[in-house]
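Report on the structure given below.
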Amino acid sequence: MNKRSHQQPILIVEDNPVDLDLTLRAFKSQKLDNPILTARDGEEALNFIEKWEKGEPRPAVILLDLKMPKVNGLEVLKELKTHPRLKTIPIVVLTTSSESTDVRDAYQLGANSYIVKPVDFEKFLDVAKQIELYWRVLNKVDE
């Protein structure tokens with residue numbers, strides 16, 4: 001049986017193709033075996049809600065950028081964290097913004113973690129290792 005079929009996906013919501021590629025390469029280097037879903041803006045991210053409501057596997061974690069076109073990350077965060085069946089999905093804000101208002105607003109809306117993106121690949125690998133360690137090993141989920 002395919003091990004991958006039993007893994008919950010990870011949703012990456014990121015509009016910057018360079019940052020998305022960096023994230024995908026970092027996860028690949030960590031040999032993360034979860035399927036990866038991507039959304040290029042907040043509107044695409046919100047379109048997943050209907051699919052999850054219809055029974056598609058919900059993500060193990062969502063990595064969410066804040067500064068995006070169409071619908072920003074804080075709006076996506078608010079929508080997901082107020083949804084009765086999706087509010088328990090862990091959401092990690094992964095953004096370039098270190099503005100205190102963004103950090104505060106993200107946590108007030110229910111973000112599980114807030115990580116400011118590093119700019120070089122080695123630092124980003126460290127972030128990917130920490131995300132993988134936390135969400136795979138340390139985090140307990142209700143199955």
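Side chains of Trp52 and Pro59 form a contact here, defined as non-hydrogen atoms less than 4.5 Å apart. Between Ile91 and Leu77 there is a side-chain heavy-atom pair separated by less than 4.5 Å. Under the 4.5 Å side-chain criterion, counting only non-hydrogen atoms from C-beta, Arg85 is in contact with Glu53. Looking only at side-chain heavy atoms (C-beta outward), Thr96 and Val116 stay at 4.5 Å or farther from each other.
Here the straight-line distance linking atom CD1 of Ile12 with atom CG of Asp19 works out to 11.0 Å at 0.5 Å rounding. Note that CG of Leu64 is 8.0 Å distant from CG of Leu80, once rounded to the nearest 0.5 Å. Atom CG of Asp105 is separated from atom OG of Ser100 by 9.0 Å, given to the nearest 0.5 angstrom. Taken from CG in Leu24 to CG in Leu22, the straight-line distance is 9.0 Å, to the nearest 0.5 Å. For the atom pair Phe48 CZ and Leu37 CG, the distance stands at 5.0 Å (nearest 0.5 Å).
When all heavy atoms are compared, the tightest approach of Thr38 to Glu44 is O-OE1, 4.3 Å. Nearest heavy atoms, Leu63 versus Thr23: CD1-CG2, 4.2 Å. Residue Ala106 comes nearest to Val93 through the heavy atom pair CB-CG2, 4.0 Å, listed as atom of the first residue, atom of the second, then distance. Among all heavy-atom pairs drawn from Val71 and Glu43, the shortest one is CB-N, 3.8 Å. Taking each heavy atom of Asn112 and Ile89 in turn, the nearest pair found is OD1-O, 4.0 Å. Considering every non-hydrogen atom in both Tyr114 and Tyr107, the closest pair reads N-OH, 3.1 Å.
Residue pairs satisfying the side chain to side chain donor-acceptor pair (under 3.5 Å) criterion with at least one member in residues 58-70, sequence neighbours excluded, are listed as follows: Asp65-Thr95, Lys67-Asp102.
Put simply, the side chain of Glu99 never gets that close to the backbone of Thr101: no donor and acceptor are under 3.5 Å apart. Side chain of Lys78 to backbone of Gly110: no donor-acceptor contact under 3.5 angstrom is found. In this structure, Glu79 contributes its side chain and Glu75 its backbone to no donor-acceptor pair below 3.5 Å. In this structure, the side chain of Asp41 does not engage the main chain of Asp15 through any donor-acceptor pair within 3.5 Å.
Take Ala45 and apply the side-chain contact (heavy atoms from CB on, under 4.5 Å) test, not counting sequence neighbours, and it matches Val13, Ala39, Val76. With sequence neighbours excluded, no residue forms a side-chain contact (heavy atoms from CB on, under 4.5 Å) with Lys87.
Exactly one of Pro9, Ser113, Pro90 qualifies for a side-chain contact (heavy atoms from CB on, under 4.5 Å) with Val61. That residue is Pro90.
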Next item on the list: Go through Leu66 and Asn72 one step at a time and tell me if the side chain to side chain contact (heavy atoms under 4.5 Å, CB included) criterion holds.
Entry: CA-CA 6 Å; Leu66 291 186; Asn72 74 42; over 6 Å; no
Note to self: The test is side chain to side chain contact (heavy atoms under 4.5 Å, CB included); show your working for Val92 and Ile62 and say whether it passes.
What the structure shows: CA-CA 6 Å; Val92 176; Ile62 297 171; over 6 Å; no
